[in-house]
Every structure is written in structure tokens, then in C-alpha cells.
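We number each residue from 1, following the sequence as shown. Because the structure is predicted, anything quoted here is derived from the model rather than measured.
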Amino acid sequence: MQTFGGVTMFWVPDNLKSAVTSHSKGEGALINPTYSECARHYDATPLPARPRKPKDKAPVEVGVLVAQRWILARLRDRVFYSLTELNAAITELVERLNDRPMRTCGGKSRNQLFEELDRSALKPLPPQPYEFAEWTLNVRVGQDYHVVHAGHYYSVPFHLVGAKVNLRASHHVLTVFHGDRRVALHPRSVVIGGITTLPEHRPQAHQAFAQDQPAALLAWAQTQGGPLHQFVQQHVEEHRRPTLSVQACRGLQRLVRDFGLDRVQAACTRAVELKAIRLPSLESMLRRGLETAPLPSQPADNDHPLPPHDNVRGAEYFH
């Protein structure tokens with residue numbers, strides 16, 4: 001479109017999946033959201049060609065055939081060492097092809113016919129260039145009022161927990177839509193496992209909690225030392241979600257107030273041994289009084305002696 005300096009009113013793509021999501025007799029073609037957004041930007045209407053009906057795009061197919069014969073045939077024996085060099089050769093041949101007089105059109109070239117017939121029918125280009133964006137549909141909002149895209153977590157308003165939203169990810173911005181309404185707008189991030197949270201998306205209780213400094217809570221865990229600090233360290237490594245780890249520290253402070261530091265340290269020892277690095281598991285141990293219970297021991301596979309056999313020579317054989 002930039003080459004022609006305008007936009008056509010109708011676009012006729014094939015029925016490929018990247019353009020047409022589905023097709024039914026009653027509703028017609030359902031256009032892919034990314035392609036549909038591009039068409040809206042240029043104020044054009046996609047009219048996908050019917051499957052198994054070549055006559056819908058016969059002039060295009062003829063143009064492809066002419067390009068293959070005129071351009072590709074001339075380049076088949078040449079060797080190119082860069083994409084720039086190849087594009088320059090193709091551009092030169094395209095110009096020559098479009099300037100060739102056609103006997104069936106009164107000796108006029110394709111460029112002449114375009115200026116006489118087509119250019120006046122084109123609509124002007126929009127003032128802003130089109131920005132490609134990738135759509136992801138029906139993404140369910142997690143219990144922590146975040147959605148994940150490309151490994152990064154973005155917040156949405158907390159009242160949408162459990163709802164399905166649509167994500168539009170451009171090069172710089174990620175936009176969240178609930179139905180036809182935009183509910184969140186975030187700068188795009190490439191940090192895997194990172195979290196982007198807007199304060200207004202949190203409920204009031206979480207907003208008050210977020211005022212605590214994470215560094216102060218982690219420093220408190222380090223001050224307690226012992227299994228409690230080890231529990232927090234493993235929680236950070238396992239979950240890789242700073243918000244969850246800070247929340248775990250808050251929960252540990254509450255458990256220390258309710259059950260005492262000694263019992264919480266004992267429960268952390270048991271949780272670390274069992275690899276149950278979750279605050280609900282820790283609280284369950286304390287409420288049931290299991291923090292001092294002996295750990296279940298499983299005998300190793302080599303604890304039982306092997307039965308005597310002629311092929312078993314024993315350790316003495318190697319001495």
C-alpha cells in the first residue's frame with residue numbers, strides 16, 4: 001500500500017488460517033483479529049475468496065504466473081550473496097515488467113493503466129502507519145488478578161478474577177480488553193517471570209499491604225535466621241514471584257505472633273525437609289501440632305542385602 005500510495009476498498013485474501021479464523025454459510029467469514037485490526041486501520045473490507053473457486057482471484061493468479069515467467073526465470077541462474085542484492089535485482093525487473101507495453105491493452109503498460117484507472121479509485125493512506133499487534137483470546141485472569149503473556153505477568157482490575165479477557169500485544173504496549181472495553185494498559189516487558197502491577201488494580205487490603213517494603217520483610221526473615229530464613233529463601237527460588245514471597249513473609253510474621261517463634265522454626269524445619277514450601281502447609285502443621293512429629297523415613301533401595309547367588313561376587317572380589 002505504501003508503494004501504491006493508497007488503499008483499496010476491498011481485500012480478497014485466500015482462506016488461509018492466518019486470515020480467516022472460521023467460515024460458515026450463516027455468518028460468513030470470521031476474520032483473524034490481527035488481520036481484522038489491520039483492515040480497520042486502513043478502512044478496508046476483507047472478502048476472502050471462496051475455497052476451491054479459483055475464479056474469485058483469477059487476475060491475481062495470472063499476475064503471479066507472469067511474475068514467475070518474467071522475473072524468477074531471469075534470476076534462476078544468478079547467484080546472490082545478500083538479501084539486499086536480491087531485492088535490488090527483483091525491484092529492477094518489476095519496474096521493467098510494469099513499463100512493458102501490452103498489446104492486448106492498446107500498447108499501454110501496467111503503470112500507465114494504474115495511473116489512468118486505479119489511482120483515482122484508491123483511498124488515501126491513514127496519517128499513522130499500521131503497528132502490528134498479536135492478539136491472544138480468552139485468557140483467564142488468575143486469583144492474583146494477573147494475566148501472563150510471554151512469561152511476564154500483568155495486572156488487571158481485581159474484580160475480573162476468574163473472568164476471560166483478550167490481550168493485544170504490540171511491540172511497546174500490552175492492552176487488556178474485557179469484552180469491548182479496555183481494562184488495562186501496560187508497557188511491554190520481556191522479563192521472564194517478572195510482574196507489572198498497577199496500584200489501582202489491587203483491592204484496598206492489598207494496597208495497604210503493598211505499602212510494606214519487601215526489603216524490610218526479607219531482612220526480618222534473615223534476622224530470625226535458621227529454618228525460617230531457609231524457608232523464605234527456598235520460597236523465592238521456587239516461585240520466582242517477588243509478590244508471593246513478600247506475602248509469605250507477612251504470613252510468617254502472623255504465624256510467629258499466633259504460635260511463637262520456636263514452633264514456627266520447628267515447622268519450617270519440617271517443611272524444608274518435606275519440600276513443602278507453601279504457607280498453607282506450614283500453618284496446617286502448626287494447627288495440628290505436627291511441627292515436632294518425626295519425619296517419615298523411607299528405606300533406601302540398597303538397605304536390604306542381596307540374596308546369595310553364584311553371579312554375585314561381593315566386594316571382596318575387587319580387592
Side-chain angles (χ1 to χ4, degrees), residues 1-25 27-135 168-173:
M1 286 172 286
Q2 300 291 338
T3 302
F4 298 117
V7 184
T8 58
M9 184 177 297
F10 300 105
W11 296 350
V12 186
D14 289 325
N15 262 278
L16 70 165
K17 197 66 176 179
S18 59
V20 182
T21 302
S22 63
H23 193 284
S24 62
K25 293 183 178 180
E27 299 181 357
L30 178 62
I31 306 300
N32 175 284
T34 301
Y35 187 57
S36 179
E37 183 182 31
C38 178
R40 287 196 303 270
H41 177 80
Y42 288 106
D43 192 22
T45 303
L47 297 176
R50 293 169 293 177
R52 300 177 297 277
K53 298 291 183 180
K55 63 182 181 181
D56 285 345
K57 295 179 63 179
V60 176
E61 301 299 335
V62 172
V64 172
L65 179 62
V66 171
Q68 287 180 336
R69 290 176 176 176
W70 175 261
I71 299 175
L72 298 183
R74 283 169 167 76
L75 300 178
R76 66 182 183 273
D77 295 328
R78 294 180 56 180
V79 178
F80 300 93
Y81 297 96
S82 68
L83 184 60
T84 303
E85 184 181 355
L86 175 60
N87 286 333
I90 293 176
T91 301
E92 179 184 356
L93 290 176
V94 167
E95 290 297 328
R96 289 175 55 188
L97 175 62
N98 290 333
D99 287 334
R100 288 185 67 220
M102 296 183 291
R103 288 177 296 178
T104 57
C105 297
K108 295 182 179 180
S109 67
R110 290 177 174 81
N111 281 333
Q112 289 176 324
L113 292 176
F114 174 76
E115 295 295 337
E116 293 177 7
L117 304 176
D118 297 329
R119 185 174 293 280
S120 59
L122 295 178
K123 296 186 296 184
L125 290 170
Q128 298 295 330
Y130 169 69
E131 181 183 19
F132 175 79
E134 178 185 1
W135 283 82
R168 179 187 182 274
S170 65
H171 184 67
H172 300 288
V173 176

Worksheet entry | Met102, CE atom: more than 12 neighbouring heavy atoms under 6.0 Å | yes
Discussion item. Please check if the number of heavy atoms outside Arg74 that lie under 6.0 Å from its CZ is greater than 12.
Written reply: yes
State, yes or no, whether a side-chain contact exists between [X] and [Y] at a heavy-atom distance under 4.5 Å.
X	Y	result
Cys38	Trp11	yes
Leu93	Leu97	no
Leu122	Val7	no
Tyr42	Leu125	yes

Worksheet item: Is Arg76 reaching over with its side chain to a backbone N or O of Ala73, donor-acceptor style, under 3.5 angstrom?
Response: yes
Worksheet entry | Partner set under side chain to side chain contact (heavy atoms under 4.5 Å, CB included) for Leu72, not counting sequence neighbours | Gln68
Which atom pair, heavy atoms only, marks the closest approach of [X] to [Y]?
X	Y	result
Phe10	Leu47	CD2-CD1, 3.5 Å
Pro101	Gly107	CB-O, 3.3 Å
His41	Tyr130	NE2-N, 3.4 Å
Ala44	Thr8	CB-O, 3.7 Å
Glu95	Asn111	OE1-ND2, 4.3 Å
Phe80	Ala89	CE2-CB, 3.6 Å

Worksheet item: Which pairs, with at least one residue in residues 114-134 and sequence neighbours excluded, count as a salt bridge (charged side-chain N to carboxylate O under 4.0 Å, His left out)?
Response: Asp43-Lys123, Lys108-Glu116, Glu115-Arg119
Worksheet item: How far does CG of Leu86 sit from CZ of Arg78, to the nearest 0.5 angstrom?
Response: 9.0 Å
